[in-house]
Amino acid sequence: MKKNTNTLCATTARHSDAIQMANPPMYQGSTIIYERMADLAAAHHAYENGQESYTYGRKGTPTSRMLCEALTELEGGHRAYLCPSGLAALSTALLSQLSSGDHVLMVDTVYSPTRDLCEHVLKRLGVSTTYYNPFLGKDIADLIQPNTRVIFLESPGSLTLEIQDVPAITAVAKAHNIVTILDNTWATPLYFKAFEHGVDIVVQAVTKYLGGHSDVLMGAVIANQAAYKSVRNTAHQTGQFAGGMDISLVLRGLRTLPTRLREHERNALQIAQWFETQDAVDYVRHPALPSHPQHALWQRDFLGSTGLFTVAFKPEYSAAQINAMVESYDLFGIGYSWGGFESLALPVHPSHLAHVRSVTPVTQQSMVRYQIGLEGVDDLIADLQAGLSILG
Ligand SMILES: Cc1ncc(COP(=O)(O)O)c(C=O)c1O
């Protein structure tokens, strides 16, 4: 039976050995004990042949298997692998496909630690990177080199929320036998069906909406059948894993994911629309607003929007004034990360953006990235309104 997403999140991961609890038991720890060498050897053999079997905590437990299966049910693809952070999942995905002498096409508006990974680890290993404009669709073909192995996408873009034409890019990649990897954290598996749009490997920073409660760091790589084996091998060979307690927290987060996302979406849209009416604001970048430059692409490909968007203030306001406004908020903490229940604000100044963009023009005004949480929207708007008064 094909289940609706709400039902899936509520009923997934319900197996149990003896009795059927609404939530699965938590397996925590390192050691799995066997009485007989033959049984350990059989488990090891099964594992090496790609079957699910348990030999050592780092290589998986029934708890990690349940979350992997739940993520695969939600996202699609063949199988998932868990990593200790979103960034660890990003590095696992990239390292699984790249070798010395290879080339990556990396979207210029990528999450900046992914850029650091290219500039440091991949460069050191002899992998070269070309950053491409997020507005490129099929013309990305012009940037392909004989040694291009991966096209990496992140849509919407980090901080500036550009929407990419994912199907156009994956079609070009398939024609050239190039693997596509997408950071799908903003949309979650619920609001962008990456595998249906031709993506080969999806990365989720589970830390954000899937966990949803700002109490866990985790990442997941979900791959199609062709890519999964190298993802799994690379993850093993580099020691990726997630602990039982953290996995249980994420399984609990999944139960309420659809409901939380609807609330994030509603609150964020209302606040983004309110910002558009404020004199101090130059423009708002929220993909679900008609004013967003790629709104039509978002409407074509996405099933919803989440709680993260950016506001550009008029150029006359200095970085110091924008910082003072953000510091004055009561309900918005200043913080990295996002996707939790709490609202956050993060100033983004041109001096910062200039360091994390190679080919995309950088606006000359200060922006603030808002993560809209689950508080009452009237209280949030009152807080933001009081903040605007600081700008005079
Ligand atoms: C788009 C995106 N991908 C990946 C990550 C990394 O996740 P983590 O903080 O769990 O390493 C982040 C974190 O902010 C992110 O914004």
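Numbering of ligands and ligand atoms starts at 1, following listing order.
- The list of ring pair (Phe, Tyr, Trp, His ring centres under 6.0 Å) pairs with a residue in residues 100-129, not counting sequence neighbours, is empty.
- Taking Ile, Leu, Val, Met, Phe, Trp and Tyr as members and joining any whose side-chain heavy atoms lie under 4.5 Å apart, directly or through other members, the hydrophobic cluster of L159 also contains Y283, V348, L353, V356, V362, M367.
- In this structure, W186 and Y191 have side chains that are not in contact, with every pair of non-hydrogen atoms separated by 4.5 Å or more.
- The pair D279-K314 does not count as a salt bridge, with every side-chain nitrogen at least 4.0 angstrom from each carboxylate oxygen.
- Screening residues 284-296 for side chain to side chain donor-acceptor pair (under 3.5 Å) gives E276-S291 as the qualifying pairs, with residues at least two apart or on separate chains.
- For ligand 1, the protein residues placed under 4.0 Å by at least one non-hydrogen atom are S85, G86, L87, L90, Y111, E154, D183, T185, A205, T207, K208, L217, W338.
- E263 has a carboxylate O that lies under 4.0 Å from a charged side-chain N of R266, or vice versa, which qualifies the two as a salt bridge.
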